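Here the structure is laid out as structure tokens; the discussion comes afterwards.
Chain identifiers are assigned alphabetically (A, B, ...) following the order of the sequence lines, protein sequences preceding nucleic acid strands; residue numbering begins at 1 within each chain. Remember, it's a predicted structure, so these values are computed and weren't measured experimentally.
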Amino acid sequence: MMTWMKVSEAFGAQPGTRLTIKGWVRTTRESKAEGGLCFVGVSDGTCFDPIQVIARGGGDGALANFDAVKHLTTGCSVEVDGTLVASPAKGQAVEIAADAVRVIGTVENPDTYPVSNKRHTFEYLREVAHLRVRTNTFGAVARLRHCLSMAIHEFFDKRGFYYVHTPIVTGSDCEGAGQMFRVSTLDMANPPRGADGKVDFGQDFYGKESHLTVSGQLNVETHCCALSRVYTFGPTFRAENSNTSRHLSEFWMIEPEVAFCDLMGDSVLAEDFIKHLIDAALTRRGDDMKFFDERIEKGLIERLRHVLETPFRRLPYTEAVAILEKSGKTFEYPVKWGTDLQSEHERYLTEEHFKQPVILMNYPKQIKAFYMRLNDTGTDNAPGQTVAAMDVLVPKIGEIIGGSQREERLDVLDSRIVEMGLNPKDYWWYRDLRRYGTVPHAGFGLGFERAMMFLTGMQNIRDVIPFPRAPRQCDF
RNA sequence: UCCCCGAUAGCUCAAUGGUAGAGCGAGCGGCUGUUAACCGCUAGGUUCCAGGUUCGAGUCCUGGUCGGGGAGCCA
């Protein structure tokens, strides 16, 4: 009786096992020896390596359709019945001696098959995103992405966090994180207009303007202030015209929120979280990580082990500015207390000065969001007022996490809202959390794709998400 | 959005303003328990698009489209 096994299972089975595997041809090689041999590498995506299938054209195990098997090319789908045997040749420990190879789907023109068995650039493969997952690299990326997704839920579940499904469509355009995509069912060519000539969104689907969310944070805070420990993990949309290797207009974000927690507790959670992801990747996807280490970024595993074993460096923003001023480096943009650090400054700190992840804390209030908790005057001997915000910087990627302790004092929150030129009325339900049993709480946001880049060594964010969306890029 | 670079065979890239080339991939044959295989032969082109300069444009000029790197915004 043949057992249909995943290729990953077949590699672990005993020689002599009779089995069936089903998958796609990666490579074929032919030999005239022993009455005709055909070596077919078959992958079903369950592990990094394809398994080698031996088809014979003569002798005892001759296949009736050997001629068809000889004409298999990369991309064909097959079902193989056979026996797992120890391989007599180098290159693989085991292989499958085939009794039958059923050709399920052929490739209609091998000459133009987009992901033929050769090296392709990532730029090219982006144009064939529906097929690129059949390659070594994108198969590994897909498996690791799944592995990390599961590890994220597991991390929070084990710590008593509840997974909250925050909305994708939002009626508030006050989430405060940049340009938003409009959601509307109005006739764009001929929208209803009010007496003032402006578009009347009162007639739109929700009776008001609505957009895709840019953050689940404000919503998740409501559940934090009832369930204590919560997190979201979902898609996020930013309509910024960002054309970089680190930005997407649709990306996935993990946002935990913890009640009765301050900024230091928040930073400990962030550090534990990143380390858990590294551990999960290394222990559960060793095959894929080995590939990333050898072919994508030399020294990746060593770099991640170092991060895993070293405590993150915590550093007040004010001290970071002092370090940068004393560094002797000439930066394109000058360092000045009260302004945001530039990419070059962050890179210097995490890649050159400390050579490890750095958590910068307590930023000047004028460069951070209204909901971040105002620190006492004199915190860190800063020359101005600061808020309890943190950014986690990692080598190669830069900012991977942004978080803060939230302002739980209603009067302070209100004055900050007004100070930023916002209207407290727009935040009525957010303010209610401070009116009814307010508590100190804190949280952060981690860009999932940036974590993927950090863990794989992939250099373009469009290559760590199955179907990237970016300005002028919405194919597939 | 700003700065820089690029677009030629299925893919990666050559080609002084003067007949369009190679490697890989593909097809056929040879050799081999093969595995980045190797050897031979063959096929494969609207040189991104629209204008312009020129006797002549892949090459020079203008505009556009798309892609890459960097910056800003951020996760």
Side-chain angles (χ1 to χ4, degrees), chain A residues 26-41 49-56 70-71 73-75 85-92 95 97 107 109-128 131 135-136 176-179 214-217 235-255 270 295 331-333 340-344 346-347 367-369 391-394 397-403 444-454 459-463 465 470-473 475:
Chain A
R26 279 289 179 79
T27 57
T28 58
R29 288 175 294 277
E30 248 189 275
S31 171
K32 289 277 161 36
E34 303 178 27
L37 287 172
C38 193
F39 305 89
V40 186
D49 288 316
I51 196 163
Q52 178 162 277
V53 171
I54 314 301
R56 292 185 181 278
K70 275 201 310 192
H71 283 88
T73 56
T74 304
V85 296
S87 178
K90 284 179 183 168
Q92 59 283 315
E95 60 192 25
V107 166
N109 183 358
D111 189 32
T112 56
Y113 179 59
V115 289
S116 60
N117 185 32
K118 64 182 290 292
R119 282 180 193 162
H120 296 288
T121 60
F122 294 149
E123 292 81 16
Y124 165 72
L125 288 170
R126 252 169 249 153
E127 297 169 11
V128 285
L131 297 172
T135 64
N136 281 341
Q179 286 295 110
V214 293
S215 165
Q217 182 202 315
T236 305
F237 306 88
R238 305 267 169 100
E240 239 97 46
N241 191 9
S242 298
N243 294 288
T244 81
S245 55
R246 290 183 296 282
H247 290 84
L248 292 166
S249 57
E250 177 183 310
F251 63 100
W252 287 64
M253 191 152 63
I254 298 105
E255 296 173 287
R295 295 298 182 86
F331 295 107
E332 192 182 340
Y333 294 88
D340 223 346
L341 297 183
Q342 305 293 314
S343 293
E344 56 178 344
E346 296 180 345
R347 250 185 283 119
I367 58 172
K368 289 294 181 181
D391 280 358
V392 180
L393 311 178
V394 296
I397 311 299
E399 183 182 342
I400 195 169
I401 282 179
F444 63 79
L446 173 131
F448 186 48
E449 285 73 23
R450 290 206 181 157
M452 282 287 297
M453 294 170 76
F454 177 66
Q459 293 191 343
N460 194 310
I461 201 165
R462 299 171 196 209
D463 296 330
I465 189 168
R472 295 181 305 281
Q473 183 164 44
D475 295 324

Verify the contact: side-chain N or O of [X] to OP1 or OP2 of [N], cut-off strictly under 4.0 Å; return yes or no.
X: A:S343; N: B:G72; result: yes
X: A:R246; N: B:A71; result: yes
X: A:Q342; N: B:G72; result: yes

**Item:** Which residues share a side-chain hydrogen bond (donor to acceptor under 3.5 Å, both in side chains) with A:N241, sequence neighbours left out
**Value:**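 A:N243.
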
**Message:** Quiz question: going by heavy-atom distance under 3.5 Å, is there a donor-acceptor pair between the base of B:U1 and the side chain of A:E240?
**Reply:**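 A donor-acceptor contact between them is absent.
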
**Item:** Flag side-chain contact, heavy atom, 4.5 Å: A:I54 against A:L37
**Value:**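 Heavy-atom side-chain distance check passes, below 4.5 Å.
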
Can you name the atoms? Protein N/O to nucleotides 2-8 of chain B N/O, anything below 3.5 Å, with the distance.
none

Heteroatom pairs (N/O) under 3.5 angstrom, protein to nucleotides 24-32 of chain B:
residue : atom : partner : partner atom : Å
B:G25   : O2'  : A:S116  : OG           : 3.3
B:G25   : N2   : A:D111  : OD1          : 2.2
B:C28   : OP1  : A:H71   : NE2          : 3.0
B:G30   : OP2  : A:K32   : NZ           : 3.4
B:U32   : N3   : A:E30   : O            : 3.1
B:U32   : O4   : A:E30   : O            : 2.8
B:U32   : O4   : A:S31   : N            : 3.2
B:U32   : O4   : A:K32   : N            : 3.0

**Message:** Determine whether the aromatic ring of A:F251 stacks with the base of B:A75, defined as ring centroids separated by less than 5.5 Å and ring planes inclined by less than 30°.
**Reply:**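 A stacking contact exists, since A:F251 sits close and nearly parallel to the base ring of B:A75.
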
**Item:** With sequence neighbours excluded, residues passing salt bridge (Lys or Arg N to Asp or Glu O under 4.0 Å) with A:E34
**Value:**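 For A:E34, the residues satisfying salt bridge (Lys or Arg N to Asp or Glu O under 4.0 Å) (neighbours in sequence not counted) are A:R56.
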
**Request:** Just jot down the salt bridge (Lys or Arg N to Asp or Glu O under 4.0 Å) partners of A:E449, sequence neighbours excluded, or say none.
**Result:**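 Applying salt bridge (Lys or Arg N to Asp or Glu O under 4.0 Å) to A:E449 gives A:R145.
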
**Prompt:** Closer to the 5' end of RNA chain B via nearest nucleotide, is it A:E332 or A:N241?
**Reply:**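 With A:E332 and A:N241 compared, the 5'-side residue is A:N241.
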
Could you list the protein-to-nucleotides 66-68 of chain B atom pairs, N/O on both sides, closer than 3.5 Å?
residue : atom : partner : partner atom : Å
B:G68   : OP1  : A:R126  : NH1          : 2.2

